[in-house]
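Please read the structure below before turning to the comments.
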Amino acid sequence: MKFFIDTANLDEIKEANDLGVLDGVTTNPSLCMKVGVSDFEGHIAKICNMIEGDVSAEVISTEYDEIVEEGRKLAAIADNVVVKVPLIKDGIKAIKTFSEEGIKTNCTLCFSASQALIAAKAGATYISPFIGRLDDISTDGMQLIADIRLIFDNYAIETEILAASIRHPMHFLESARMGADVATMPLNVIEQLLKHPLTDSGLERFLADWDKLQESLKD
Ligand code: E4P
């Protein structure tokens with residue numbers, strides 16, 4: 001399973017990358033707003049230089065011609081740019097064009113399995129089902145991951161399932177159980193994944209016992 005970080009914050013990307021387990025980055029306009037990105041293309045270029053994996057950069061246009069123009073520009077920034085396109089009619093048409101041109105895409109704002117299947121048919125590299133936002137409206141986000149996995153496996157579809165809108169470790173764990181190919185998570189969730197109170201208390205006891213041993217050897 002690939003680990004992506006869901007942020008436009010360069011410090012957070014560096015921190016996750018330094019862990020040595022980062023496979024990519026996803027950004028979106030809201031995440032860019034959060035860190036006050038003023039030069040979007042320059043910012044994406046910086047991220048692409050920092051990491052080897054795929055970096056999703058989202059288009060703002062909603063009409064086919066503009067999406068294609070904007071996406072081609074973004075794709076030209078670096079080899080690891082993935083053009084993020086919303087799951088709307090013109091977006092699907094654009095994904096088809098990008099896939100014919102060999103431009104990688106991440107189809108975003110997916111909330112149903114039928115949407116995911118259409119994006120895959122158009123040749124999307126990644127499909128991003130938003131788990132947390134479904135949970136927010138009392139709909140089981142995890143069930144969507146399971147449905148898409150089942151359908152993609154039925155037809156040996158190669159589009160990668162990128163579990164997005166992950167809010168806590170259980171979203172990640174369930175996504176892994178269900179066979180999502182990628183999980184994109186904020187830094188705090190990545191950090192929560194490696195924490196366990198028994199690890200901390202166990203380490204504390206090991207170190208204390210080691211100190212006791214050293215003391216006893218002095219006698
Ligand atoms: C990632 O590609 C998505 O844009 C992101 O995970 C959305 O997360 P949110 O629902 O927490 O805003």
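No hydrogens, no waters, no symmetry mates; every other heavy atom, side chains included, goes into these values. Numbers here simply count residues along the sequence, with the first being 1. In each ligand, atom 1 is the first atom listed, and ligand 1 is the first ligand listed.
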For [atom], which protein heavy atom lies nearest, and how many Å away is it?
atom                    : value
atom 11 (O) of ligand 1 : Arg167 NE, 3.2 Å
atom 3 (C) of ligand 1  : Phe130 CZ, 3.4 Å
atom 8 (O) of ligand 1  : Ser165 CA, 3.4 Å

Subject >> Pairwise distance CG(Leu87) to CZ(Phe111) - rounded to 0.5 angstrom >> reply: 9.5 Å
Subject >> Interatomic distance, Ile47 atom CD1 to Thr27 atom OG1 [nearest 0.5 angstrom] >> reply: 6.0 Å
What about [X]: any of its N or O atoms under 3.5 Å from an N or O on ligand 1?
X      : answer
Asn28  : yes
Asp6   : yes
Thr108 : no

**OP:** Sequence neighbours left out, what passes ring pair (Phe, Tyr, Trp, His ring centres under 6.0 Å) with Tyr126? Give chain and number order.
**Re:** Phe4
**OP:** Could you pull out all residues at least two apart from Tyr64 that satisfy ring pair (Phe, Tyr, Trp, His ring centres under 6.0 Å)?
**Re:** none
Subject >> Interfacing atoms of ligand 1 (cut-off 4.0 Å, heavy-atom, Lys84) >> reply: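 Selected atoms, number and element: 1 (C), 2 (O), 3 (C), 4 (O).
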**OP:** May I ask you to list the atoms of ligand 1 that are less than 4.0 angstrom from any heavy atom of Arg133?
**Re:**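 It comes down to these atoms of ligand 1: 7 (C), 9 (P), 10 (O), 12 (O).
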Subject >> Exam field: side chain Ser165 to backbone Arg133, donor-acceptor pair closer than 3.5 Å >> reply: yes
Original post:
So, Glu70 side chain and Ile60 main chain: donor-acceptor pair closer than 3.5 Å or not?
Top reply: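 Present.
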**OP:** Please confirm whether Glu58 comes under 4.0 Å of ligand 1, counting heavy atoms of the residue only.
**Re:** no
Subject >> Contact check, side chains of His43 and Leu10, non-hydrogen atoms, under 4.5 Å >> reply: yes
